[in-house]
Every structure is written in structure tokens, then in C-alpha cells.
Amino acid sequence: MMRCWRVKDSWAAIIPARMLWLRHACSKLFVVGLSYDTNEITLRDGFAEHGEVVEVKVICDRSTTCKSKGYGFVQFSSEKEATIALQKMDGEFLDGRCIRVHYAKKG
């Protein structure tokens, strides 16, 4: 739960409210806590029940084993589908590991 703190006679709630608006304007999710054996097919299958998955990317360590580094991205066709997937999948188990899901940041 987000708290608002009073700072020098102004409310700091304006910044969190703006961040909330910006955060929801995204159809791409950042997934952490993936198993080192997780591949893009497994990640897609795990999220596909929550909407139309447009793109999946598991970040791999290509210099040594080509195994997952433990994080990846899932992009949905709409912001609404991404929001539903975030709410349903955050804290769930995928490929034997508890995953955390966040909105991806632009950059």
C-alpha cells in the first residue's frame, strides 16, 4: 500500500499518483526469478492464459551456457491484458520458481 507523507506543507501524493498513471501505460512486463532452465516457450505458455502475448524474451547468458539469467520480458497486445497478467502472475510459481512481475520501464 502506498502512503502519502506530508513534506513542507505539500502532499507527496501527487508524485505517486503520477507514477501510478505512468506505470499502467505499459503493455510490457518485466519478469524476475525465472529458473535458469526457463525458455521463451515456457514463459509464453505461463502468461498466455491471461491475454494475447505479442512478444516474449528470456535474457540469456550467451558467453558461457546460453541459459537464462533469471529474468525476461512479456509483451501483451493491450495494457489491460498486461495489468491482468501482472495481478495474476506476480508471486506465482513458473517452472518451479516463484516469480515477481513488474511493469517494464522504458529505456
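Just so you know, residue 1 is the first one in the sequence shown, and it goes up from there.
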query = Does the cation-pi check pass for K28 over F73, that is, NZ or CZ under 6.0 Å from the six-membered ring centre and within 45° of its axis?
reply = yes
key: Linked hydrophobic residues, Y36 as query - side chain contacts closer than 4.5 Å   = none
task = Starting at CD1 of I59, measure out to CD of E40 and round the result to the nearest 0.5 Å.
result = 8.5 Å
request  = Working to the nearest 0.5 Å, report the span between NE2 of H50 and CE of M89.
outcome  = 5.0 Å
key: K67 and D61: CA distance, side-chain angles, deciding distance, salt bridge (charged side-chain N to carboxylate O under 4.0 Å, His left out) verdict   = CA-CA 6 Å; K67 290 199 174 212; D61 183 6; over 6 Å; no
ask   = CZ/R97 to OG/S35 distance, rounded to the nearest 0.5 angstrom?
value = 6.5 Å
task = Mark yes or no for whether E52, through its side chain, and S77, through its backbone, hold a donor-acceptor pair below 3.5 Å.
result = no
query = For the residue pair F30 and Y103, is the inter-centroid distance of their aromatic rings smaller than 6.0 Å?
reply = no
Test item: side-chain donor near acceptor, T42 and D45, under 3.5 Å = no
message = Quick check for you: to the nearest 0.5 Å, what is the distance between S68 atom OG and L43 atom CG?
response = 9.0 Å
Atom pair CG/CZ of L86 and R100 - distance to nearest 0.5 Å = 9.0 Å
task = Hey, could you give me the CD/SG distance between E79 and C26, rounded to the nearest 0.5 Å?
result = 7.5 Å
Check: Q87/T83 side-chain N/O donor and acceptor closer than 3.5 Å = no
